[in-house]
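Here's the structure, in structure tokens; my notes come after.
In listed order, ligands and their atoms are each counted from 1. Note that this is a predicted model, so its numbers are computed, not measured. All values below come from the heavy atoms of this structure, side chains included, with hydrogens, waters and symmetry mates left out. When a residue number appears, it is its place in the shown sequence, counting from 1.
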Amino acid sequence: MKWTSNAMAGAAILAATGFAARAQTPCPLPTNCVSNPGFEQRDQFSSAGDPVGWHNLSNPVESKRRVIGDAFSPPAVSRTGAASISISTPGNSAFRGMTTDWRNFTVPGFPFYDPVFDYANGGDIVISGWYFIPSSAPITGDRCFIKLNVKRGNQDYATLDPMDGANPAWLIDGHTNDQWRYYEIRWPIQNIREQVLFNQDQGYFSIPPYPDHIKITIGRFGFGNVASSGTIFWDDITCIQEAPPAPCGCAADYNADGGVDGGDIESFFIDWEASGGCSDVNQDGGIDGGDIEAFFLLWEAGGC
Ligand SMILES: [Ca+2]
Ligand SMILES: [Ca+2]
Ligand SMILES: [Ca+2]
């Protein structure tokens with residue numbers, strides 16, 4: 001919870017006014033649950049000039065909505081429309097960022113802007129965005145990333161923090177040759193549930209009720225308070241929770257197209273290498289060489 005001081009202040013205000021808000025902002029589009037994903041709308045109530053649906057963390061000077069032709073440096077860029085956000089640095093690697101962990105104070109119930117999350121019946125969370133780092137302002141000293149939390153109210157239930165080092169491709173530094181570059185993270189529902197159950201065992205909460213929203217944080221950070229520099233721009237953020245995976249059928253027709261052929265071997269190994277999908281063919285709870293053996297027995301038999 002170390003990066004949520006602004007959100008906590010907001011929660012304290014809500015508590016003081018006796019508001020017990022639970023409602024979520026509905027997905028603006030079936031394909032994207034992020035409000036104002038391209039940052040085009042400015043929040044008229046924000047003295048910092050935040051985009052609608054977003055809130056700067058730590059300091060608005062370094063995390064802000066940008067518009068082509070504005071007065072700030074480096075010059076603003078946008079992938080679509082005229083606006084984006086930029087995240088720069090105070091000169092060291094203290095956390096800076098922009099988050100959806102903010103409430104819509106213009107509608108009853110003050111719903112979170114965080115995208116909705118279905119713990120019990122939903123599938124993987126997939127988040128994407130585009131980033132641009134000017135060659136004149138490369139990121140040095142810290143790393144840029146998108147971090148996710150699933151929450152209920154202000155309680156964290158599970159975290160996907162790229163700074164944990166799980167996937168080096170999720171951490172950005174250097175520059176992008178003055179081009180927009182695509183970024184994507186997938187958070188498997190199985191992993192979320194494992195974390196939630198682990199944290200429940202630690203005594204932080206008990207389920208149900210389940211977490212119901214996804215906090216998105218577009219951030220930059222470095223351990224050890226090292227010197228940092230550079231500016232990253234972000235635009236066109238998407239977040240969607242996929243439908244749950246279909247139950248595993250006959251492993252021989254792994255790609256479920258009705259035939260048993262080489263395509264099934266390929267599909268099986270893609271999942272097996274990722275330790276995912278239906279690759280636990282022998283259903284012993286682990287994914288290892290035994291599953292290759294079990295798969296080929298079925299595949300060579302031409303069916304199940
Ligand atoms: Ca934009
Ligand atoms: Ca097949
Ligand atoms: Ca297995």
(message) If you apply the rule side-chain contact (heavy atoms from CB on, under 4.5 Å), what do you find for Y119 with V196, and how did you get there?
(response) CA-CA 10 Å; Y119 177 86; V196 168; 3.8 Å; yes
Any donor-acceptor N or O pair under 3.5 Å, side chains [X], [Y]:
| X | Y | value |
| --- | --- | --- |
| T106 | N104 | yes |
| D291 | S279 | no |
| R66 | S86 | yes |
| N92 | S228 | no |
| Y157 | Q155 | no |

(message) Can you classify the ring geometry of F269 versus F296 as parallel (below 30°), tilted (30 to 60°) or perpendicular (above 60°)?
(response)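 Tilted: the ring planes of F269 and F296 meet at 30° to 60°.
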(message) I'd like the atom name of the N/O/S atom in D280 lying closest to the Ca ion (ligand 3).
(response)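 This turns out to be OD1.
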(message) One pair to check against ring-ring contact (aromatic ring centres under 6.0 Å, His included): F145 and W170. What are the steps and the verdict?
(response) CA-CA 6 Å; F145 50 84; W170 294 347; over 10 Å; no
(request) For the cysteine pair C278 and C248, state whether the SG atoms are less than 2.5 angstrom apart. (result)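 Yes; the two sulfurs sit under 2.5 Å apart.
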(request) Compute the angle centred on the Ca ion (ligand 3) spanning OD2 of D291 and O of G286, and express it rounded to 10 degrees. (result)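 With the Ca ion (ligand 3) as the vertex, the angle is close to 80°.
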(message) Keeping D253 on the side-chain end and D257 on the backbone end, is there a donor-acceptor pair under 3.5 Å?
(response)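 Flag set: sc D253 to bb D257 pair under 3.5 Å.
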(message) By the definition side-chain contact (heavy atoms from CB on, under 4.5 Å), identify the one residue from D142, I232, I139 that meets it with I172.
(response)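 Answer after filtering D142, I232, I139: I232.
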Output yes if [X] passes the N/O/S-under-3.0 Å test against the Ca ion (ligand 3); output no otherwise.
| X | result |
| --- | --- |
| G285 | no |
| D284 | yes |
| Q283 | no |

(request) Would you list the protein N, O or S atoms within less than 3.0 Å of the Ca ion (ligand 2), leaving out water? (result)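 As for protein N, O or S atoms lying under 3.0 Å from the Ca ion (ligand 2), they are D253 OD1, N255 OD1, D257 OD1, G259 O, D264 OD1, D264 OD2.
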(message) Do C250 and L298 have side chains that approach each other closer than 4.5 Å (heavy atoms only, starting at C-beta)?
(response)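 No - every pair of side-chain heavy atoms lies 4.5 Å or more apart.
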(request) Could you name all protein N, O or S atoms found under 3.0 Å from the Ca ion (ligand 1)? (result)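 Within the sphere that stays under 3.0 Å of the Ca ion (ligand 1), the protein atoms of type N, O or S are G38 O, E40 OE2, T80 O, A83 O, D235 OD1, D235 OD2.
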